[in-house]
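Starting from 1, each residue takes its place in the sequence as its number.
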Amino acid sequence: MSWLWAIIVGLVLGLIAKAILPGKQQIPLWLTVIFGMIGSVLGNWAATGLGINETKGVDWGRHLLQLLGAVIVVAVGDRLWVGMRGGGNRRAA
């Protein structure tokens, strides 16, 4: 069940990150989920380092760090994806 939950959280965070970023991201949905999962892990790691990973009630700080991690990973991952796929703005020589 934990893998299913990680996939759902990755999907939600990845889609929110894509909505926050300006422009159109060209990564496919499966990569959005993976990047969202990676961002979630990075956010949890940062929250643990800051000592805010477990609080009473809703962990807003941890959730915001997870979203920030997802935004960063989706932004960087999209640029790498476009570069690897040969897309982007190319000018004819």
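- Contact between S40 and V9 at its shortest, heavy atoms only, is OG-CG1, 4.1 Å.
- Counting heavy atoms from C-beta on, the side chains of L50 and L65 come closer than 4.5 Å.
- Across all their heavy atoms, M37 and W3 have their closest contact at CE-CZ3, 4.2 Å.
- No continuous path of ILVMFWY side-chain contacts below 4.5 Å connects V58 to L68, so the two sit in separate hydrophobic clusters.
- Hydrophobic clustering (side-chain heavy atoms under 4.5 Å, transitive across Ile, Leu, Val, Met, Phe, Trp, Tyr) groups L42 together with V12.
- When the side chains of ILVMFWY residues are joined at heavy-atom separations under 4.5 Å, either directly or via intervening members, W81 and V74 end up in a single hydrophobic cluster.
- For the residue pair L67 and A17, the shortest heavy atom distance occurs at CD1-N, 4.4 Å.
- Within the 4.5 Å cutoff, the side chain of D59 has no heavy atoms near those of the I52 side chain.
- Smallest separation of non-hydrogen atoms from I7 and V33: O-CG1, 3.8 Å.
- Listed here is the closest heavy atom pair of Q25 and K18: OE1-O, 3.1 Å.
- With contacts defined as side-chain heavy-atom distances shorter than 4.5 Å, the pair L29/L11 qualifies.
- I27 approaches F35 most closely through the heavy-atom pair CD1-CD1, 3.7 Å.
- Residue L31 is not grouped with residue L80 when hydrophobic side chains (ILVMFWY) are merged at heavy-atom distances under 4.5 angstrom, including chains of intermediate members.
- No side-chain heavy atom of W45 sits under 4.5 Å from any side-chain heavy atom of Q66.
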